[in-house]
Amino acid sequence: MWQDNSVPNSVALLLSLMAVDLLAAITPGPNFVLVTQTAIHRTRRHAAAVVLGFVISNLIWCSAVVLGFSALFDLAPWLYQIVRIGGALYLIYFGINLWRSDEPKDAPPASEGFLNGLLTNLTNPKSLVYFGSIFALFVPPGTPLWLNAAAIGIVIFNTIAWYGTVSALFSHEIVQRRFVSLQRPINRIAGTVMIAFGARLILVRR
């Protein structure tokens, strides 16, 4: 996609990537469920830790594409199946835990939020599709280093901007108070969504 490395063309493609990436982030999925659930029932610090997990995992995804690791899925389809099934099982496990979490518990350490964010985004079916296809179109082999860096920077910026805004909104005291009486149905809905994403990841082939 970067056949013309002129500055105007590069800027136009980077702007296109920014729009596409932001749209992909805004589209509801496991990440959105996790960050809103954490922000409502925990603290802003826990929600921020989840967002940090998203940032690091997106950095891993971007680096894998730039370094050509995504091509391993074509060379070794069994590796993709392991990632797919493992990710699906994690999402289902997380969803079941949400179903069983009916009452507020003592706040876990922020590191738990970071780990949940990291693992959820690494196993997110949206991430598998987006980074393995769409993002890879913007950073094909031979892309200049500075353009690779700019593309990765856009993804990280959008991740922080969107999920940071969501976590700040849903962790606001007024929002938390409004949702506290709805904790059980919210947990059930969020758990069902997570289980559905996991089941879909198992049933849908690459």
Side-chain angles (χ1 to χ4, degrees), residues 18 20-62 87-131 135 152-201:
M18 177 171 284
V20 170
D21 182 76
L22 185 59
L23 181 61
I26 291 175
T27 304
N31 287 2
F32 184 81
V33 174
L34 176 62
V35 74
T36 54
Q37 180 78 7
T38 303
I40 291 171
H41 297 301
R42 301 303 181 186
T43 66
R44 183 164 297 181
R45 183 167 63 92
H46 288 88
V50 170
V51 176
L52 179 60
F54 293 164
V55 170
I56 299 303
S57 53
N58 274 346
L59 185 59
I60 293 173
W61 278 113
C62 290
L89 292 178
Y90 175 77
L91 293 178
I92 292 173
Y93 164 79
F94 196 86
I96 292 173
N97 280 346
L98 286 175
W99 257 86
R100 298 171 60 185
S101 179
D102 290 334
E103 299 298 334
K105 300 177 181 178
D106 293 337
S111 59
E112 181 178 322
F114 169 78
L115 185 60
N116 284 336
L118 181 72
L119 293 178
T120 297
N121 196 37
L122 286 176
T123 59
N124 188 344
K126 279 180 55 185
S127 298
L128 283 171
V129 173
Y130 174 73
F131 287 103
F135 180 78
I152 293 174
I154 285 173
V155 172
I156 300 305
F157 173 82
N158 282 345
T159 301
I160 295 173
W162 170 245
Y163 289 111
T165 300
V166 172
S167 66
L169 174 63
F170 282 87
S171 61
H172 194 280
E173 184 179 356
I174 296 177
V175 176
Q176 289 182 327
R177 283 203 305 266
R178 288 183 180 276
F179 278 94
V180 69
S181 61
L182 301 174
Q183 176 160 330
R184 175 174 294 186
I186 289 175
N187 284 348
R188 296 288 171 86
I189 292 173
T192 300
V193 170
M194 285 296 204
I195 293 171
F197 276 120
R200 183 176 183 275
L201 193 55

Open item on the list: Can you tell me how far apart OH (Y163) and CG (N121) are? Round to the nearest 0.5 Å.
Closed with: 7.0 Å
- [ ] Working to the nearest 0.5 Å, report the span between OH of Y130 and CG of L23.
- [x] 9.5 Å
Task: Positive for side-chain contact (heavy atoms from CB on, under 4.5 Å) with S57, one of L122, L119, T120 - done: L122
TODO: Enter the distance from L59:CG to I156:CD1 here, rounded to the nearest 0.5 Å.
DONE: 5.0 Å
Task: Closest non-hydrogen atom pair between G117 and F54, with its separation - done: O-CD2, 3.3 Å
Open item on the list: Could you go through L34 and N116, starting from their C-alpha distance and side-chain angles, then the distance that decides it, and tell me whether this counts as side chain to side chain contact (heavy atoms under 4.5 Å, CB included)?
Closed with: CA-CA 8 Å; L34 176 62; N116 284 336; 4.1 Å; yes
Open item on the list: Does F114 form a side chain to side chain contact (heavy atoms under 4.5 Å, CB included) with I56? I'd like the steps, not just the answer.
Closed with: CA-CA 9 Å; F114 169 78; I56 299 303; 3.8 Å; yes
Task: For T159 against V155, the heavy-atom pair lying closest together - done: OG1-O, 2.7 Å
TODO: Output the distance between atom OG1 (T192) and atom CD1 (I96), rounded to the nearest 0.5 Å.
DONE: 11.0 Å
Task: Euclidean distance, T43 OG1 relative to E173 CD, rounded to 0.5 Å - done: 13.0 Å
Task: Where S171 and R44 come nearest, the two heavy atoms and their spacing - done: OG-NE, 3.0 Å
Task: Least distance between heavy atoms, I152 atom then C62 atom - done: CG1-CB, 3.7 Å
Open item on the list: Working to the nearest 0.5 angstrom, can you tell me the gap between L115 CG and L52 CG?
Closed with: 11.5 Å
TODO: Can you label the angle between the F131 ring and the W61 ring as parallel, tilted or perpendicular, going by 30° and 60°?
DONE: parallel
Open item on the list: Looking at every heavy atom in both S167 and A39, which two are closest together, and how far apart are they?
Closed with: O-CB, 3.7 Å
